[in-house]
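Contents: one structure, followed by commentary.
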Protein chains: 2
Amino acid sequence: MKVEEKGTRGDGNQLLARMPAALADLMLTHLESVDLPQGMIIEQPDEAVEHVYFPTRGVISIVAMTPEGGARIEAGLVGREGMSGSMVVLGTDRSPHQTTVQIGGAGYRMETARLQEALQQDALRERLLHYCHALSIQTAHTALANAKLKLDARLARWLLMCHDRIEGDEVTLTHDFLSTMLGVRRAGVTVSLHILEGQGLVRATRGLIRILDREGLEEMVGGCYGVPEAEYARLLTG
Amino acid sequence: MKVEEKGTRGDGNQLLARMPAALADLMLTHLESVDLPQGMIIEQPDEAVEHVYFPTRGVISIVAMTPEGGARIEAGLVGREGMSGSMVVLGTDRSPHQTTVQIGGAGYRMETARLQEALQQDALRERLLHYCHALSIQTAHTALANAKLKLDARLARWLLMCHDRIEGDEVTLTHDFLSTMLGVRRAGVTVSLHILEGQGLVRATRGLIRILDREGLEEMVGGCYGVPEAEYARLLTG
DNA sequence: GGACGTTTGTGCGAGTCCGCACGGAACATT
DNA sequence: AATGTTCCGTGCGGACTCGCACAAACGTCC
């Protein structure tokens with residue numbers, strides 16, 4: 001079960017890959033291959049997490065919410081570049097957020113206790129803390145986007161972030177799902193998608209969005225895309 | 001220069017207080033007392049931070065921005081319950097955010113390198129990582145508030161968070177400052193403040209806002225206030 | 001006490017998004 | 001083929017915030 005053995009692009013989780021061999025071995029003994037079906041709830045607010053997940057395919061969504069769940073918004077997006085359960089790296093086993101599988105896929109998981117042990121290793125801890133840093137930058141820029149961007153641009157930003165985390169150019173999601181992530185009306189997503197389609201940036205059909213023009217999308221988002229990605233690259237790539 | 005020696009409520013930084021004596025001693029040898037004048041820039045985007053700050057009075061603001069600075073929004077608020085330079089705790093010496101002193105005060109500072117050394121101590125690292133966790137929850141809920149709340153409520157939330165971090169009930173800030181933090185027009189802040197005043201929740205005069213009714217403010221914000229505060233209390237208080 | 005800069009109050013038209021609501025289209029099941 | 005379910009398209013009035021612009025109030029410095 002070597003994480004990086006399959007040859008095609010993007011196989012394996014990028015946090016687990018690029019790790020010193022000794023560490024990789026340590027991790028591998030505790031990693032378990034799992035399926036990540038769409039809709040699976042990975043973490044519930046204020047409940048101890050039993051496993052942390054390292055996706056290799058699919059996208060996981062971290063959702064901030066009020067205690068009663070009256071308001072919900074996506075605060076973080078995780079794909080094969082990251083992991084769920086960042087709070088474990090930060091020394092606690094629960095958080096007030098909910099974490100779900102947004103786009104089905106697969107990955108590895110590890111018992112929380114095993115990760116806590118492995119975090120004794122300085123090199124591993126450093127790498128995962130760097131990821132927590134990148135994730136917090138992502139959240140901050142989501143706050144920025146929520147405050148300053150129009151719905152079209154926020155949608156474009158979300159599609160870009162999602163595109164970074166999948167293989168190919170097709171996102172299989174309904175407008176309804178997207179509206180929850182962005183915290184807007186479903187109908188608003190429909191209209192905004194039409195705008196993006198009108199610009200030739202995407203092509204949407206029932207339950208599926210195909211990204212046609214990444215650069216066009218980036219242009220539409222302006223400076224609100226790219227900062228978290230650059231920070232991730234600085235600390236965790238290469 | 002003992003951190004907690006002054007007798008009045010709230011003196012001292014709460015991250016530094018409540019620390020095992022051995023750790024406190026370790027820290028104290030490296031802490032330096034400093035003034036935090038309003039407007040002081042503590043961290044610049046993508047520049048190495050030289051010191052981390054532990055306020056005892058005043059409020060520090062972490063601002064997420066686009067690379068050109070075209071869009072800015074407050075992503076985090078830090079008072080005597082916290083520290084600047086969380087990215088150092090997460091293993092890097094820079095971030096794309098800007099950090100400034102929003103309300104003047106005072107505190108302690110420490111050279112980044114000294115903190116990096118001190119973080120070898122498990123107990124200190126754990127405590128500061130817990131703080132990073134609480135801070136990231138705060139940022140996530142700012143994203144939530146930016147997406148879902150009306151301006152009045154966002155303003156009320158900001159005032160509550162600020163009130164938690166100061167002594168007394170008076171916030172000395174202009175509408176213009178507030179508008180930058182909330183990412184809205186200055187005139188919008190003026191109008192929203194009138195609404196809060198109309199409800200008897202605050203009293204505003206030139207450059208000063210007095211909080212009259214905390215509970216009323218909390219009610220106005222709904223569930224979007226309190227979650228990060230509870231998480232902080234769970235991990236770092238008592 | 002007059003001049004200046006800062007801060008606050010107010011107004012107006014325009015744009016965005018909301019809540020609600022309904023019709024139609026695509027797919028699944030039987 | 002018929003039925004039910006999910007998903008998407010569209011419309012309308014209203015609420016909120018924007019951008020712009022100007023006037024009034026306050027404080028400071030000569």
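When reading the values below, keep in mind they use all heavy atoms of this one structure, side chains included, and skip hydrogens, waters and symmetry mates. Chain naming here is simple, since letters A, B, ... match the order of the sequence lines and numbering starts at 1 in each.
- At the heavy-atom level, B:A187 lies under 4.0 Å from base atoms of the strands shown.
- As a whole-Å value, the separation of A:N146 CG from C:dT16 P is 18 Å.
- The residue among A:K150 and B:T190 whose nearest nucleotide of DNA chain C is located toward the 5' end is B:T190.
- If you measure from atom CG of B:D176 to atom C1' of C:dT8, you get 10 Å, rounded to the nearest angstrom.
- When the C1' atom of C:dG9 is taken as reference, atom NE2 of B:H175 falls 9 Å away, rounded to whole Å.
- As a whole-Å value, the separation of B:F177 CZ from C:dT6 P is 13 Å.
- Remark: C1' of C:dT6 and CG of B:L178 are 16 Å apart, rounded to the nearest angstrom.
- Residue B:R186 places a side-chain atom within donor-acceptor reach of the base of C:dG9, judged by atom type and a 3.5 Å distance cut-off alone.
- When rounded to the nearest whole Å, the span between CD1 of B:I195 and C1' of C:dT8 equals 16 Å.
- Ring orientation note: the planes of A:Y131 and A:Y232 are nearly perpendicular, at an angle over 60° on the 30°/60° scale.
- Contact annotation: the side chain of B:D169 never approaches that of B:L212 to less than 4.5 Å [non-hydrogen atoms, C-beta and beyond].
- Remark on DNA chain D: of its neighbouring residues B:L149 and A:A204, the 5'-side contact belongs to A:A204, judged by nearest-heavy-atom nucleotide.
- Interface limits on DNA chain D: the 5'-most and 3'-most nucleotides within less than 4.0 Å of chain B heavy atoms are D:dC16 to D:dG27.
- Applying the 4.0 Å criterion to OP1 and OP2 of C:dT8, one finds that B:H194 has every side-chain N and O outside that range.
- In this structure, CG of A:L151 is placed 7 Å from P of C:dC18, rounded to the nearest angstrom.
- For the pair A:V171 and A:F177, the minimum side-chain heavy-atom distance is 4.5 Å or more.
- Residues B:L208 and A:R206 both approach DNA chain C. Their nearest nucleotides, taken by heavy-atom distance, put B:L208 toward the 5′ side.
- Side-chain contact between B:L160 and B:R214 is present, with heavy atoms from C-beta onward closer than 4.5 Å.
- Residues B:L159 and B:L196 are in side-chain contact: their nearest non-hydrogen atoms beyond the backbone lie under 4.5 Å apart.
- Of the charged side-chain nitrogens involved, none lies within less than 4.0 Å of a carboxylate oxygen, so that A:R94 and A:E47 do not count as a salt-bridged pair.
- Minimum atom distance to the side chain of B:R185 is reached by C:dG11, of the listed C:dT8, C:dG19, C:dG11.
- Between A:M83 and A:V89 there is a side-chain heavy-atom pair separated by less than 4.5 Å.
- Put simply, CG on A:L182 is 15 Å from C1' on C:dC18, counting in whole angstrom units.
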